[in-house]
Number of protein chains: 2
Amino acid sequence: MPSIQDVAQLAQVSTATASRALSRPDMVAQTTRERVLKAARQLGYQPNVLARGLRQGETRTIGVIVTDILNPFHATLAKGIQDAADRHGYVAFLFNSDEDPAKERRALDTLRGHLPQGLILVPTSGAREHLKAMPDLPVVELDRVTGRPDATTVTTDNTGGGAAATRHLIELGHTRIGMIVGQQDISTATERHDAYRAALHAAGLTYDPALVLPGNHREDDGYRAAMHLLSLPADHRPTALFVGNNEMTVGAVLAARALSLRIPEDLSIVGFDDSRWAQTMTPPLTVVAQPAYDLGVQACELLLRRLSASGNRTPARVQLPTTLILRHSTAPPARPRSGASGPDPSAAHPPVTPSTGPPRA
Amino acid sequence: MPSIQDVAQLAQVSTATASRALSRPDMVAQTTRERVLKAARQLGYQPNVLARGLRQGETRTIGVIVTDILNPFHATLAKGIQDAADRHGYVAFLFNSDEDPAKERRALDTLRGHLPQGLILVPTSGAREHLKAMPDLPVVELDRVTGRPDATTVTTDNTGGGAAATRHLIELGHTRIGMIVGQQDISTATERHDAYRAALHAAGLTYDPALVLPGNHREDDGYRAAMHLLSLPADHRPTALFVGNNEMTVGAVLAARALSLRIPEDLSIVGFDDSRWAQTMTPPLTVVAQPAYDLGVQACELLLRRLSASGNRTPARVQLPTTLILRHSTAPPARPRSGASGPDPSAAHPPVTPSTGPPRA
DNA sequence: CATCTCAATGTAATCGTTTGCAACTGGTTT
DNA sequence: AAACCAGTTGCAAACGATTACATTGAGATG
């Protein structure tokens, strides 16, 4: 790798002038500038980010930690962030926490050594604690929220989305609506859960804890939870399911199939977060859609704005709307027939193996 | 951020000793070492990667460029790489080229400034040219291949996979087998294409160029190409389709649905690359599966091995096998009837039958 | 006891940039 | 002609780590 010394030598100037010609064009005479630029081009000079970062303290780098890069929602967030960062001449370093606070911690430590100027984080339950160790790093919490008092956050309207989904099912005539909800120490999960409960109450329906099962955001959890709910005796079994995230929705659909329940005739399903899978499965899935790419872009721009104008009071919280997209996985409940002679659930071993992702650590 | 100076001061030693206590534990007396370690812990010291990298020339960093992070195949590659890098104490910087040579070029330049010790690249068509500018950077070409004479590569057996897919369709009795193939300047696309042609010839079938349409790897392209092929007059229309990558397969399936063609009764489809979508769509898709996660891991380990033992002749080319996974999107061709006026496919719920994926590592 | 050895530590140079300050140029003002 | 100016350029000091080399001191050896 040619250094700025090589460029300077070839252009017959000092390194100082060479440096200025490249980054402060107006401080140097036109003819010298051209000489330097030409030399740089000729050598294929590329400034050494390490040296520059060391000297300036500015790395033009931001860190990004998502919880699951294989989840299309998170991949889209990441892409939105990277595209936006790129437009502003920043580089985004992407890490993965796999929903594991310990891994998140390690990612943070690694990142810190690279002196990022800011951090965009989809927090795990440990994040609040971890962030205490780095009080002067500007952080944007994305999608979820740690609850730190004056955090900057970019989220979606989980409450509105959860309410819309639940109301939709109620309006179709469902009265036993089950929910598969994420970990209760994750803000999005509790918000969606609360919205579901509130919507039931508002409609005069009772909230039945037996119809609400927790999962850990992954497909398997959705499968297991749905299996349990759908195997309840016919007069307790929910006729509709609201599932709290996209991965678990896949599991729930597979569980319904495994039990030979037809969607939407025997079971209505609303998922959270749209995806190609949701659009193209049969039947196409009714979902609460989130503007994932935009979330990423907003988070990045918000962070960069904070970085440049540290005094300037830019908004600390951005919330984007959700959209209920009606497709064909929801319908009025079936008229109660006698002995909803569903297949014996205990005998029904999953004919469709829930697809597991690559090995999780 | 505390520096090693702060640590040294607190531990009452010189920076040299502090540095040694941290990275050459055996060069320093036990009592001092403990003092330094304690000071470091107390201050939350995290070595400045920039300074270290600058001094040592070693950044313990590798660059990764994939062509589409939103494609689950590529996301899985990236995850495999990052997990493997992490295990070896390396950090992987992930970039996206969006199949665009110009973007790839920019990513390479940016990357270069960060002095990565190696690069893992899913090359675009411009890569061969771009890499000339950086002759001393160790590169592993992943999934695709640029054709540079002594490149290190990690790929899958596209030829075997393409042959298996085509043979499978031939054995079912198909004689008009269409193919939707990727850009012909991408190695995977030509290999799969060649394998398809060879398999036809081996079976005594003629290769009909009219049944082979190119696409640019994205869903839209698959949709358009399939639309075209499936709109041919009934006696020219292919009864089976072999689609050259996962994204285009989605498009092809949607096109078939749009034309109310039942799969597999009216049209058999084999895709390349497995995915959750392929596993859970109706009917579950027959595919040529690739070990994506493993590809990433292998690429990373190969690169790191090359880095450490530069003299040592480690293998330059790794090829992993593909697996033809039979599901339910393929069947013998329909007896030639007139008019494809099948029932509305959206009403048809084919029985869900076991569709176990390949054993995942 | 003088000397040698070796382990432990310190001093200072170094990596490639940026940048405060000084120095030089040629022209303009007093 | 002295003083001043603005526009260019160079010198050299940082940034934070590592490491070649020098130094120290204590114990071993003759």
Side-chain angles (χ1 to χ4, degrees), chain A residues 1-37 39-40 43-61 89 91 109-117 136, chain B residues 1-37 39-40 43-61 89 91 109-117 136:
Chain A
M1 278 281 290
S3 76
I4 202 166
Q5 307 242 24
D6 304 323
V7 176
Q9 194 176 340
L10 181 59
Q12 316 221 50
V13 292
S14 70
T15 61
T17 318
S19 170
R20 282 189 278 253
L22 293 170
S23 41
R24 298 273 173 75
D26 43 324
M27 283 186 68
V28 49
Q30 192 183 355
T31 61
T32 10
R33 189 193 324 153
E34 278 164 7
R35 206 146 27 94
V36 172
L37 258 47
L43 295 173
Y45 170 72
Q46 190 68 216
N48 182 326
V49 180
L50 276 56
R52 174 185 290 173
L54 182 58
R55 168 66 221 240
Q56 301 196 126
E58 281 195 12
T59 53
R60 291 189 86 74
T61 275
V91 174
D109 284 341
T110 307
L111 209 44
R112 206 150 63 100
H114 287 266
L115 301 190
Q117 300 192 244
D136 32 46
Chain B
M1 276 282 289
S3 76
I4 200 164
Q5 307 241 22
D6 304 323
V7 175
Q9 194 176 342
L10 182 59
Q12 315 221 50
V13 294
S14 70
T15 61
T17 320
S19 171
R20 279 190 281 252
L22 293 169
S23 43
R24 298 276 174 76
D26 43 325
M27 282 184 69
V28 48
Q30 192 182 356
T31 60
T32 8
R33 189 192 325 152
E34 278 165 4
R35 207 147 26 97
V36 172
L37 257 48
L43 295 174
Y45 170 71
Q46 190 68 216
N48 182 327
V49 180
L50 276 56
R52 174 186 291 173
L54 181 58
R55 166 66 218 240
Q56 299 195 127
E58 281 195 11
T59 53
R60 290 189 86 73
T61 275
V91 175
D109 284 341
T110 306
L111 210 44
R112 205 151 62 99
H114 287 268
L115 302 190
Q117 300 192 243
D136 32 46

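Numbers restart at 1 for each chain; the letters A, B, ... are given by sequence-line order, proteins then strands. The basis for the numbers below is simple: all heavy atoms, side chains too, and nothing from hydrogens, waters or symmetry mates.
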Side-chain donor-acceptor pairs under 3.5 Å in residues 45-57 of chain A, sequence neighbours left out?
| from | atom 1 | to | atom 2 | distance (Å) |
| --- | --- | --- | --- | --- |
| A/Asn48 | OD1 | A/Leu50 | N | 2.7 |
| A/Asn48 | OD1 | A/Ala51 | N | 3.2 |

Describe the nucleic acid contact of [X] in one word from base, sugar-phosphate, nothing, applying a heavy-atom distance below 4.0 Å.
{"X": "B/Ser3", "value": "sugar-phosphate"}
{"X": "A/Ala29", "value": "sugar-phosphate"}
{"X": "A/Arg33", "value": "nothing"}
{"X": "B/Val13", "value": "sugar-phosphate"}

Could you give the [atom1]-to-[atom2] distance, from [X] to [N], as a whole number of Å?
{"X": "B/Asn48", "N": "C/dC15", "atom1": "CG", "atom2": "C1'", "value": "13 Å"}
{"X": "B/Leu43", "N": "D/dG16", "atom1": "CG", "atom2": "P", "value": "14 Å"}
{"X": "A/His114", "N": "D/dG16", "atom1": "NE2", "atom2": "C1'", "value": "15 Å"}
{"X": "B/Arg55", "N": "C/dC15", "atom1": "CZ", "atom2": "C1'", "value": "7 Å"}
{"X": "A/Leu50", "N": "C/dT17", "atom1": "CG", "atom2": "C1'", "value": "11 Å"}
{"X": "A/Arg60", "N": "C/dT17", "atom1": "CZ", "atom2": "C1'", "value": "15 Å"}
{"X": "A/Glu58", "N": "D/dC15", "atom1": "CD", "atom2": "C1'", "value": "13 Å"}
{"X": "A/Gln30", "N": "D/dG7", "atom1": "CD", "atom2": "P", "value": "15 Å"}

Please check: side-chain N/O of B/Thr15 versus main-chain N/O of B/Gln5, any donor-acceptor pairing under 3.5 Å? no

Base C/dG10 paired with B/Arg20 side chain (donor-acceptor, <3.5 Å): yes

Can you tell me whether the side chain of A/Arg52 and the base of C/dT18 have a donor-acceptor pair closer than 3.5 Å? no

By nearest nucleotide on DNA chain C, pick out whichever of A/Leu54 and B/Thr17 is the more 5' one. B/Thr17

5' precedence on DNA chain C between B/Ser14 and B/Gln56 (nearest-nucleotide basis): B/Ser14

Flag side-chain contact, heavy atom, 4.5 Å: [X] against [Y]:
{"X": "B/Thr59", "Y": "B/His114", "value": "no"}
{"X": "A/Val13", "Y": "A/Val36", "value": "yes"}
{"X": "A/Thr32", "Y": "A/Gln12", "value": "no"}

Can you tell me if the side-chain N/O atoms of B/Thr32 get under 4.0 Å from OP1 or OP2 in C/dT9? yes

Side-chain N,O (A/Arg24) to OP1/OP2 (C/dT19) below 4.0 Å: yes

Toward the 5' end of DNA chain D, which comes first, A/Met27 or B/Ala51, by nearest nucleotide? A/Met27

Of A/Asp26 and A/Ala16, the one whose nearest nucleotide on DNA chain D sits closer to the 5' end is A/Asp26

